Amino acid sequence: LYIMRDDVEDAINLPTGEFEVPLVIQDRKFNPDGSYFYPPTWQDHFTGDKVMVNGKVWPFHDVKQGKYRLRLLNGSGTRTYTLSFQGPSGTIPFAVIGNEGGLLETTARGVSSLTFGPGERYDVVVDFEPLGNGDEVFLENSAPNPFPNGTVDLTTVMKFNVGPQSGDTDPIPNNLRTIERLQEGDAVISRDLVLKKTGLDACGRSYWRINDKVWDDITEFPELGDVEIWRFINDSNVSHPMHMHLVFFQVLDRDGFTRDAGDNIIPDGNPQAPPAEESGWKDTAMVDPGEILRVIVRFEDYKGLYAYHCHLLEHEDHEMMRQFQTFACGDVVTDAPIEECDDGTAGLDGCNASCEIEEAFQLSGSAQGDGQVALTIEGELIVVVTTNGQSAADVIAALAAEINANANLQAAGVSADADGDRLVTNGDITDATITDSGLTDVLDLTVEREHLWWTTVGGATDYDVVT
């Protein structure tokens, strides 16, 4: 367990020193000799029959009469916990001040219980000041196993023994730190990730998969700097704590769903915002059966391959773990397979600003108004009827406008720019026909990195398009 701090946190009056205690909670099963037991063959879920905190079974911790900052980590392989503090007079409410990505913006007070799955972390403050010498407070679990449709089989986690001394009695501030709120309108894409059992392994056991794909199936390619929305859709009967590497995200909402006759996911249309204790930066969040979890994330800092997965050990080890690949267009490094080229420039030179190969078509002369210019691009026929006196640049501008207005090409992500008498596009030009007697085009074969692209050469009459 690593604890990260910064100047913002250091400037806030929070319990520290002996009043700040990390609690790593794990369940384990033991062999008669005291060694850990784990089944020799894979199973959907494996949980222990003992709870360990910081490596000790059902421990106790002596506390003074004051506030304690407890850094909670669910380090179990499969077990979800619903934790509460039970004192002599019943449940003791506590405050949540942070989660995986650091402090919340404001303190979430009056929390009576906290449910968190494997891999999740919460930063809480519990106040023992109202209690007396000799009082006992139990940290208890009430979560079913498997979660949420199993039975409650382990309740006691640990005990706090209250002593006679006074502890940290300073108030917890309301305002903790400023958090930038990512905006849905800034998202460039919304991705759907369906979580379910599918297919069989060599032993006849069902896989746990995401979108029915496995580790080497890379289909998510976020660009550095982009904001995306990821929808984790739980089409199974157990909860999944979904974890993303590299990034922190913000939970947008959760909603139920049904399926239509075509087996399409249909949200219920009643999304629920996350509770206050889940309003900070997170890297792991629970999605319950029949639920859609939406998170918003900005991809930053590093290019490469990164994992995202269910944090239930048996699930992530049985294919519910995949990869996404981040890339950076414009850094003069071609990130295959998502980039076709990357020369660090804005385009009109064989590689456009979106790092796609450009093809070019160039005209010379002046239109006589007795014909037309036609291009076939990505299977779409684009035609401009000429008028007398049009310059080559005028006709090129008209072609670019027609390409950019074509709905099918828009849907395919094809666009075009007019660069004087030269048309540049990220689409594939497969045919060009000119019937105006005053206009000509020519082919010029150019090597752009490992790709070939074409423009015009004066005097040419016949050519083959090279791809």
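Given the structure is predicted, the values throughout are model-derived calculations rather than measurements.
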Are [X] and [Y] linked by a side-chain donor-acceptor pair shorter than 3.5 Å?
X	Y	result
Asn175	Thr106	no
His315	His309	no
Asp212	Thr198	yes
Thr155	Asn141	no
Thr115	Thr82	yes
Thr151	Asp153	no
Asn404	Glu402	no
Thr178	Glu180	no
Glu380	Asn408	yes

**Prompt:** Passes side-chain contact (heavy atoms from CB on, under 4.5 Å), Glu291 versus Phe232? Steps please.
**Reply:** CA-CA 8 Å; Glu291 187 174 72; Phe232 294 102; over 6 Å; no
Are the side chain of [X] and the backbone N or O of [Y] linked by a donor-acceptor pair below 3.5 Å?
X	Y	answer
Asp123	Asn99	no
Asp135	Gly132	yes
Asp268	Asp255	no
Glu277	Ala108	no
Glu358	Cys351	yes
Glu339	Phe327	no
Glu359	Thr425	no
Asn74	Ser76	yes
Gln183	Arg181	yes
Lys303	Ala328	no

Min side-chain heavy-atom separation [X]-[Y] under 4.5 Å:
X	Y	value
Leu252	Ile229	yes
Met321	Trp215	yes
Val51	Gln26	no
Lys159	Val137	no
Gln250	Val295	no
Leu193	Ile233	no
Asp27	Lys50	no
Arg298	Asp186	no

**Prompt:** Can you list the steps and then say if Met320 with Leu195 is a side-chain contact (heavy atoms from CB on, under 4.5 Å)?
**Reply:** CA-CA 8 Å; Met320 196 168 260; Leu195 317 173; 3.9 Å; yes
For [X] and [Y], which heavy atoms make the closest approach, and how far apart are they?
X	Y	value
Glu120	Thr284	OE2-O, 3.4 Å
Asn237	Asn149	O-ND2, 3.1 Å
Pro118	Thr80	CD-OG1, 4.0 Å
Ser239	Pro241	O-CD, 4.0 Å
Pro173	Ile12	CG-CG2, 3.2 Å
Val53	Pro59	CB-CG, 3.6 Å

**Chi angles and distances behind the disulfide bond (SG atoms under 2.5 Å apart) call for Cys341, Cys355** = CA-CA 5 Å; Cys341 59; Cys355 294; 6.0 Å; no
Below 3.5 Å, can you tabulate the donor-acceptor pairs from side chains in residues 124-131 to any protein atom, sequence neighbours excluded?
| residue | atom | partner | partner atom | Å |
| --- | --- | --- | --- | --- |
| Asp127 | OD1 | Glu129 | N | 2.9 |

Look at [X] together with [Y] and state whether they make a salt bridge at an N to O cut-off of under 4.0 Å.
X	Y	result
Arg5	Glu20	yes
Asp288	Arg254	no
Arg259	Asp235	yes
Arg177	Glu9	no
Glu220	Arg322	yes

**Asked** Counting heavy atoms not belonging to Asp33, are there more than 12 under 6.0 Å from its CG?
**Response**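 Correct, the count exceeds 12.
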**Prompt:** More than 12 heavy atoms of other residues, nucleotides or ligands under 6.0 Å from CZ of Phe60: is that the case?
**Reply:**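 Count not over threshold, so no.
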Please work out whether the ring planes of [X] and [Y] are parallel, tilted or perpendicular, with thresholds of 30° and 60°.
X	Y	result
Trp208	His240	perpendicular
His61	Tyr68	perpendicular
Phe299	Trp230	tilted
Phe85	Phe160	tilted

**Request:** Show your working on side-chain hydrogen bond (donor to acceptor under 3.5 Å, both in side chains) between Asn174 and Thr107 and close with a plain yes or no.
**Result:** CA-CA 5 Å; Asn174 285 322; Thr107 299; 5.3 Å; no
**Asked** Should Arg209 and Glu319 be marked as a salt bridge (Lys or Arg N to Asp or Glu O under 4.0 Å) after you check the CA-CA gap, both sets of side-chain angles, and the distance that decides it?
**Response** CA-CA 5 Å; Arg209 285 179 173 168; Glu319 296 296 358; 5.8 Å; no
**Prompt:** How far apart are the C-alpha atoms of Glu223 and Thr326, what are their side-chain angles, what is the distance that settles it, and do they pass the side-chain hydrogen bond (donor to acceptor under 3.5 Å, both in side chains) test?
**Reply:** CA-CA 5 Å; Glu223 183 172 3; Thr326 54; over 6 Å; no
**Asked** Can you name the one residue among Asn264, Ile266, Ile265 that meets side chain to side chain contact (heavy atoms under 4.5 Å, CB included) with Thr258?
**Response**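 Checked Asn264, Ile266, Ile265 against Thr258; only one passes side chain to side chain contact (heavy atoms under 4.5 Å, CB included): Ile266.
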**Item:** Partners meeting ring pair (Phe, Tyr, Trp, His ring centres under 6.0 Å) with Phe221 (sequence neighbours left out)
**Value:**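 Phe221 satisfies ring pair (Phe, Tyr, Trp, His ring centres under 6.0 Å) with no other residue.
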**Request:** Report the C-alpha separation of Thr334 and Asp342 in whole Å, then their side-chain angles, then the decisive distance to 0.1 Å, and conclude whether the side-chain hydrogen bond (donor to acceptor under 3.5 Å, both in side chains) test is met.
**Result:** CA-CA 5 Å; Thr334 301; Asp342 193 334; 6.0 Å; no
**Message:** According to side chain to side chain donor-acceptor pair (under 3.5 Å), who are the partners of His318, at least two apart in sequence or on a separate chain?
**Reply:**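 Once residues adjacent in sequence are excluded, the partners of His318 under the side chain to side chain donor-acceptor pair (under 3.5 Å) criterion are Asp201.
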**Request:** Before giving the answer on side-chain contact (heavy atoms from CB on, under 4.5 Å), spell out for Asp44 and Trp42 the whole-Å C-alpha distance, their side-chain angles and the decisive distance to 0.1 Å.
**Result:** CA-CA 7 Å; Asp44 266 349; Trp42 180 87; 2.9 Å; yes
